[in-house]
Amino acid sequence: MKSLLRCAALLAALGLASCGGDVGIGIGVVWHDGPDYPWPNHPDWPSWPDRPQGATGLFPIAGDVCDVCSGSKDGTGAAARFNAPEGIAADTAGNLYVAEPTSATIRKVSPQGVVTTLAGALGAVGYADGKGSAARFNQPSRLSTDTQGNVYLTDTGNSVVRRIAADGTVGTVAGNGTCGSVDGRATGAQFCNPKGIVLDRRGNLWIADTGNHTVRRIDGAGNVTTVAGSPGVCGSADGRGGTARFCNPQDVGVDEWDNLYVVDTGNSTIRMINPKGEVSTLAGQAGQCGATDGSATVSRLCAPSAIAVEGNDLYVADTGNATIRRINLDNVTSTVAGVAGRQGIVLGALPGGLDRPAGVARAPDGSFALTTHNLVVKLLPAK
C-alpha cells in the first residue's frame with residue numbers, strides 16, 4: 001500500500017492513470033593509494049576516485065582517522081579536521097557544506113578538497129547575524145542549498161532557521177530564538193530545536209521541528225505553518241495533518257513529485273507526507289531498533305538521522321546501525337554501506353565500515369557525500 005501511495009503521486013505528476021501493480025569513537029582502516037600519502041590530490045572530486053567505470057566503495061574527501069584527529073581545523077584533504085560533523089549538503093558546482101554543531105561553525109569543502117570555515121567562529125557559541133566569522137550559531141545541525149549559492153540551515157540551539165548568502169552574509173529566515181511552537185511570518189514564528197531542513201522546487205523550506213515533534217513549512221514569503229504532527233506530542237501515527245504523530249524527527253527530504261520524506265528518529269522509522277498532507281510509514285517499525293532489510297512491514301532501522309533523495313530511491317544514514325540504507329519505490333529497504341552493529345571506519349570496497357554516520361547528501365555526479373566520525377567521505381553505491 002505504501003509503495004502505491006508513492007507510485008500514485010509519481011503518476012499524478014506525470015499525468016498517467018494507474019500504477020499497474022552522537023558521534024562515537026571508531027578507529028578502523030583508512031584507504032591508502034600509496035605508502036606516503038593518505039590519499040592523492042583530486043582537483044576534480046565530483047568525478048574521482050580514479051577507478052574503472054562502475055566502481056563502488058567508500059573514499060575519503062576530507063578529514064582523517066588517527067589518535068589525534070579530533071578538533072576543527074581548515075586545510076586540504078587529510079590535513080583538515082572536523083569535530084563531530086552532522087548535516088551535509090552539496091551545491092551545483094560540487095562544493096560541500098558541513099554543519100559542525102560542536103564548533104558552532106559551517107564549513108565548506110571545495111571540489112579540490114580544500115576545507116574552509118564559511119561562517120561562525122570556532123567555539124564562539126551565540127546568536128548573531130553578520131558576515132563570515134562575525135556570525136554566531138548555537139549547534140547548527142542540517143543544511144540545504146539553492147541554485148543561487150545560498151545555504152539554508154537549522155540553528156538548532158537557537159531554535160531558528162538561518163540563511164548564508166553567496167557572499168557569506170548570515171541572516172535569520174524564521175524564528176526568534178525562543179523555543180516554542182507558533183505559526184506566523186518570519187521572526188514572528190517559533191520553533192523548538194529544529195534539525196532537518198530541505199528546499200523544494202517551489203521555493204518552500206521544510207523543517208523537521210525536532211523538539212516539537214512536528215513538520216513545518218516556510219513559504220517563499222516567510223510564512224511558517226505546521227503541516228503534520230501535534231506540537232509537544234511524541235508518538236507514531238499515520239494520518240493527515242495534525243492527526244499524524246512523530247517523535248524527534250531529525251531530517252527531511254523532498255522528491256520532484258512533491259512528496260516529503262521524514263526521518264522519524266525517535267521511532268526508528270522513515271515516513272512520507274504526500275502532496276495532500278497524508279502521512280504514511282515507508283520503513284521500520286515504531287519503537288523497534290533493528291537492522292533488517294526487506295519490505296515496509298519487515299524492515300527495521302535504528303535511530304536514523306539523515307536522508308537524501310535520488311529519483312525514486314531514498315538513502316538514509318542509519319546512525320544506530322552504522323550503515324547507509326536504501327529504500328526503493330516499492331518500499332524495500334536494503335543496506336548499501338557499512339555493517340550493522342559494527343561502528344568503525346573502513347574505507348575502500350563495500351560494505352566498508354562507518355562510525356555513526358550523521359549526514360548524507362547527493363552530489364552533482366550522482367555519488368553521495370557522508371559525514372561519519374570526524375570525516376567527510378564519498379560513497380559510490382552499487383546500483
Side-chain angles (χ1 to χ4, degrees), residues 2 6 22-23 85-89 99 101 141-144 152-154 156 191-200 205-217 227-229 234-238 244-255 259-274 279-291 296 299-310 313-328 331 333-338 354 356-362 368-372:
K2 306 299 186 299
R6 290 177 70 190
D22 295 320
V23 177
E86 289 193 11
I88 188 166
S141 61
R142 301 289 187 273
L143 316 99
S144 188
Y152 301 88
L153 64 114
T154 47
T156 304
F191 303 87
C192 190
N193 304 130
K195 280 201 168 184
I197 184 170
V198 69
L199 181 71
D200 70 16
L205 285 168
W206 297 85
I207 309 297
D209 195 1
T210 308
N212 282 317
H213 313 296
T214 56
V215 175
R216 317 282 292 278
R217 180 180 60 212
V227 175
C234 169
S236 180
D238 291 340
R245 295 290 183 269
F246 305 91
C247 191
N248 295 317
Q250 290 193 8
D251 204 11
V252 284
V254 66
D255 66 21
N259 296 299
L260 187 76
Y261 303 97
V262 182
V263 181
D264 196 2
T265 305
N267 285 315
S268 291
T269 57
I270 303 300
R271 317 287 292 281
M272 184 184 84
I273 306 175
N274 71 14
V279 179
S280 58
T281 302
L282 304 184
Q285 180 70 35
Q288 295 188 21
C289 172
S299 61
R300 297 291 184 269
L301 301 93
C302 190
S305 63
I307 193 167
V309 180
E310 183 190 45
D313 291 335
L314 311 176
Y315 286 78
V316 177
D318 194 3
T319 309
N321 281 319
T323 57
I324 300 296
R325 316 286 291 278
R326 178 166 53 209
I327 305 170
N328 68 14
N331 298 340
T333 300
S334 58
T335 301
V336 174
L354 299 168
R356 298 189 64 79
V360 56
R362 186 176 183 274
F368 294 86
L370 316 176
T371 55
T372 175

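The model shown is predicted, which means the values in this text are computed figures rather than measured ones.
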Close side-chain approach of V316 and T333, heavy atoms under 4.5 Å: no
Any non-hydrogen side-chain atom of I273 less than 4.5 Å from a side-chain atom of W206? no
Distance-only donor-acceptor check, side chains T323 and T335, under 3.5 Å: no
4.5 Å side-chain heavy-atom contact, R142 and S305: yes
Do E310 and Y315 make a side-chain contact, defined as non-hydrogen atoms from C-beta onward lying under 4.5 Å apart? yes
Considering all heavy atoms of both residues, which atom of A306 and which atom of G359 are nearest to each other, and what is their separation? CB-CA, 3.8 Å
Just so I know, are the side chains of R217 and I207 near enough to count as touching, which here means a heavy-atom distance under 4.5 Å? no
The single option from V198, L199, D200, T154 passing side-chain contact (heavy atoms from CB on, under 4.5 Å) against L205: L199
Sidechain-backbone polar pair: S268 side chain, A286 backbone, donor-acceptor under 3.5 Å: no
Any donor-acceptor pair under 3.5 Å linking the side chain of T214 with the backbone of A228? no
Side-chain heavy-atom pair P357, L370 within 4.5 angstrom cut-off: no
Walk me through whether L282 and L314 qualify under side-chain contact (heavy atoms from CB on, under 4.5 Å). CA-CA 10 Å; L282 304 184; L314 311 176; 3.9 Å; yes
Heavy-atom side-chain proximity of V262 to F246 below 4.5 angstrom: yes
Counting C-beta onward and ignoring hydrogens, is there a side-chain heavy-atom pair between I270 and P304 closer than 4.5 Å? yes
Taking N331 for its side chain and A296 for its backbone only, find out whether a donor-acceptor pair lies under 3.5 Å. no
Check whether any side-chain N or O of N193 sits under 3.5 Å from a backbone N or O of T156 as a donor-acceptor pair, and report yes or no. yes
Hydrogens and angles aside, do S236 and R245 bring a side-chain donor and acceptor to less than 3.5 Å of each other? no
Tightest non-hydrogen contact, residues N321 and A291, listed as OD1-CB, 3.5 Å
Shortest non-hydrogen contact from V279 to A244? CG2-CB, 3.6 Å
